[in-house]
Amino acid sequence: MFVAARNLVKAHNRVSVTRAISTRASNILSSLGISSDGELNGVYDGHWHGSGEVIVSTCPTTGEELARIRTASKTELREALERTREAYTIFRNVPAPKRGEIVRRIREALAAKREDLGALVTLEMGKILTEGVGEVQEFVDICDYAVGLSRMMNGRVVASERPEHSILEVPNPLGVVAVLSAFNFPVAVYGWNLALSMAAGNATIWKPSPTTPLCSIAVTKIVSSVLEANGVPGAVASLVTGGKDTGEALVNDPSVELVSFTGSERVGRAVGQAVMSRFGKTILELGGNNASIIMPDADLSLAVPAVGFGAIGTAGQRCTSTRRLYLHRSIAPEFLERLQKLYQSIKPGDPLEQKTLLGPLHTRAACETYSGAIEHLKKVGSEILVGGKRFSDAPFGAGNFVEPAISVPKSVDVSDSIWTTEVFAPILNVGIFDELDQAIEWNNSVPQGLSSSLWTRDIRNVGKWIGPSGSDTGIVNVNVGTSGAEIGAAFGGNKSTGWGRESGGDAWKQYVRWSACTLNFSNQAPLAQGVNFSA
């Protein structure tokens with residue numbers, strides 16, 4: 001099933017710079033111009049280099065080592081920041097529509113490699129192929145959005161109380177944007193930031209997850225080829241691979257105006273505090289812990305598969321994955337019966353195969369988290385309806401495969417960690433309610449506030465759900481699952497999710513600095529509010 005990968009024997013030790021990888025892996029890497037021999041450079045700031053510590057990219061499906069990457073040393077990180085700042089001072093003066101044209105060409109280059117890059121996402125991250133390709137398409141789509149936006153990043157003219165005066169609200173480029181992305185969307189989240197940041201006239205420096213460096217190298221090769229071909233400094237889109245120290249250095253550097261961070265609530269809190277202490281700007285995309293609510297009048301033929309995808313898709317590793325399911329008592333038995341049948345029909349497989357719907361978790365540590373959460377649920381008396389085990393038999397034992405689980409805790413205690421703590425794994429906890437108000441209260445009673453979904457055909461329920469007494473999340477859906485947002489609207493959540501907004505809507509306004517400019521074209525210099533100061 002996994003071609004030569006399952007029989008791979010590693011013939012090198014930790015200090016060797018040569019490696020043998022499976023045909024499936026080497027073919028994907030070569031299609032993107034990435035060598036499968038020796039160590040790879042993990043720093044780009046106009047040229048490729050890297051002399052820091054080595055990180056290893058591991059395939060979550062087979063456990064094979066895919067590549068060894070030289071990260072940024074402290075000196076290289078400092079120099080990359082300097083080159084990114086220098087690139088910004090050039091790029092900010094390029095007219096916005098011309099910046100948009102560069103983004104359009106990046107879009108074309110990405111689209112030409114969509115299938116290959118999507119396969120790399122699947123190989124290195126573990127999500128199934130259709131999701132890997134879909135993630136690259138998201139980058140393509142946000143580039144389309146940014147191209148149009150480059151001609152529409154408008155300010156405002158504000159009426160002045162003083163004669164022959166006008167007030168303008170003017171957006172200008174912000175500076176250097178550091179993008180710290182997570183493993184679960186190793187391409188799209190960077191795309192959201194890069195496209196809007198470039199349209200706004202900024203330069204970016206990308207620090208990807210240390211477990212998905214190959215995706216970042218492949219993307220940067222594509223982007224840099226366009227920049228270089230069009231005479232744009234490559235450091236407009238710099239890359240620095242590395243670990244915690246690299247991230248901390250970017251977060252604390254005063255030359256970085258905006259830090260866009262995607263990750264856990266715990267780390268996000270530290271990032272927010274650090275950037276605020278130097279009065280920088282942040283975009284935080286943190287925990288999800290999302291809920292779906294199913295009303296008695298819901299169309300179950302739509303709701304069941306949507307909840308299934310929300311909970312099982314990406315092996316439960318989306319920020320918007322469905323973690324909590326609240327069922328009206330009258331339809332709970334039928335819904336759970338249908339949902340269990342769906343779960344039982346989903347089989348694990350090689351995520352690079354088109355028919356596969358369940359791939360692996362990203363790391364061994366994620367498997368341990370999953371197992372620990374299942375054990376805790378059992379310990380407190382939850383009923384595990386389906387799933388709850390790791391796959392250990394060949395060919396899955398070499399990878400990080402687990403069974404998606406449905407759990408019914410004894411009660412919905414909104415103070416219990418079962419409900420308030422997000423577990424980044426395919427575990428769905430179910431609660432039974434009698435009234436919509438009760439379900440909304442449960443939905444809102446967790447620290448996180450990213451995505452939520454109500455299934456109903458009653459317009460009165462819809463009005464309550466999206467209104468002031470309804471869901472308090474940043475994404476509030478009706479008859480749509482919690483997962484799978486489009487790029488046209490701003491993406492982000494409230495409360496401990498971080499209040500950040502990326503992608504569409506008005507998200508672009510975070511990537512510029514705003515100035516209120518009062519223009520006096522009269523022969524007088526009156527003061528506002530009628531103040532008279534005649535010396």
Side-chain angles (χ1 to χ4, degrees), residues 28-35 39-52 57 67 69-72 76-77 79-92 94 98-114 116-118 120-121 124 135-136 139-140 142-143 146-147 176-181 186-209 212-242 246 250 260:
I28 292 170
L29 295 181
S30 63
S31 72
L32 293 161
I34 298 176
S35 173
E39 292 175 348
L40 302 175
N41 291 322
V43 182
Y44 177 81
D45 53 10
H47 70 286
W48 287 95
H49 55 107
S51 62
S57 172
I69 297 93
R70 279 283 175 187
T71 62
E76 287 173 320
L77 175 57
E79 292 174 348
L81 277 166
E82 291 171 355
R83 292 191 178 102
T84 306
R85 168 62 59 180
E86 182 181 352
Y88 159 67
T89 62
I90 298 170
F91 196 58
R92 66 186 176 186
V94 176
K98 292 187 180 299
R99 298 194 299 256
E101 172 60 16
I102 300 300
V103 175
R104 187 192 68 79
R105 295 180 183 183
I106 290 173
R107 180 250 188 246
E108 293 300 312
L110 287 166
K113 288 291 185 179
R114 188 186 73 154
D116 295 330
L117 191 52
L120 179 60
V121 172
E124 187 175 40
E135 179 171 346
V136 180
F139 199 160
V140 171
I142 195 63
C143 284
V147 171
V176 172
V177 177
V179 181
L180 281 64
S181 60
V187 170
V189 170
Y190 174 64
W192 295 348
N193 284 275
L194 180 72
L196 297 192
S197 183
M198 284 190 65
N202 303 316
T204 66
I205 185 165
W206 182 17
K207 189 271 176 194
S209 166
T212 53
L214 291 176
C215 288
S216 65
I217 290 171
V219 168
T220 301
K221 280 181 175 290
I222 293 170
V223 172
S224 64
S225 67
V226 175
L227 297 179
E228 292 168 7
N230 288 274
V232 177
V236 163
S238 295
L239 170 70
V240 285
T241 59
T246 303
L250 290 173
S260 174

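The chain is numbered in sequence order, starting from 1. Given the structure is predicted, the values throughout are model-derived calculations rather than measurements.
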Which atom pair, heavy atoms only, marks the closest approach of I90 to P233?
CD1-CG, 4.0 Å
Can you find a pair of side-chain heavy atoms, one from V236 and one from V223, that are under 4.5 Å apart?
no
Got L239 and W48 here, is their nearest side-chain heavy-atom distance under 4.5 Å?
yes
Can you confirm whether P208 sits close enough to T241 that some side-chain heavy atom of one is under 4.5 Å from a side-chain heavy atom of the other?
yes
Side-chain donor/acceptor of R70 to backbone N/O of E39, under 3.5 Å
no
With rounding to the nearest 0.5 Å, note down the distance linking CG in L117 to NZ in K221.
13.0 Å
Tell me if a side-chain donor or acceptor on E135 pairs with a main-chain N or O of V187 at a distance below 3.5 Å.
yes
Value for CD (E124) from CG (L214), rounded to nearest 0.5 Å, stands at 4.0 Å
So, do L227 and M198 sit near enough that their side-chain heavy atoms are less than 4.5 Å apart?
yes
Please work out whether the ring planes of F139 and Y190 are parallel, tilted or perpendicular, with thresholds of 30° and 60°.
perpendicular
Those residues that, when tested against S260, pass side chain to side chain donor-acceptor pair (under 3.5 Å) (two or more places apart)
N193, E502
Is it true that a side-chain atom of S225 and a backbone atom of I222 form a donor plus acceptor pair closer than 3.5 Å?
yes
Minimum heavy-atom separation for N41 and G50, please, with both atom names.
OD1-N, 3.8 Å
So, do L120 and D116 sit near enough that their side-chain heavy atoms are less than 4.5 Å apart?
no
Working to the nearest 0.5 Å, report the span between CD1 of I106 and CD1 of I102.
7.5 Å
For residues P186 and V121, report the shortest heavy-atom separation together with the two atoms involved.
CG-CG1, 4.1 Å
Just by modelled atom types, is the S51 backbone N or O under 3.5 Å from a matching donor or acceptor in the E76 side chain?
yes
Where A109 and V226 come nearest, the two heavy atoms and their spacing:
CB-CG2, 3.7 Å
Side-chain contact test, heavy atoms from C-beta onward, threshold under 4.5 Å: evaluate it for W192 versus V179 and give yes or no.
no
Among L194, L196, V103, the one residue meeting side-chain contact (heavy atoms from CB on, under 4.5 Å) with C143:
V103
Sequence neighbours left out, what pairs pass side-chain hydrogen bond (donor to acceptor under 3.5 Å, both in side chains) with at least one residue falling in residues 81-90?
D45-R83, T84-S238, R85-E257
For W206 and S181, work out which heavy atoms get closest and say how close.
NE1-OG, 2.8 Å
For T220 and A237 the tightest heavy-atom approach is CG2-O, 4.2 Å
Side chains of V232 and R99: does their closest heavy-atom pair fall under 4.5 Å?
no
Over 60° means perpendicular and under 30° means parallel, so classify the ring planes of H47 and H49, tilted if in between.
parallel
Between K113 and S31 (side chain of the first, backbone of the second, donor and acceptor by atom type, cut-off under 3.5 Å), is there such a pair?
yes
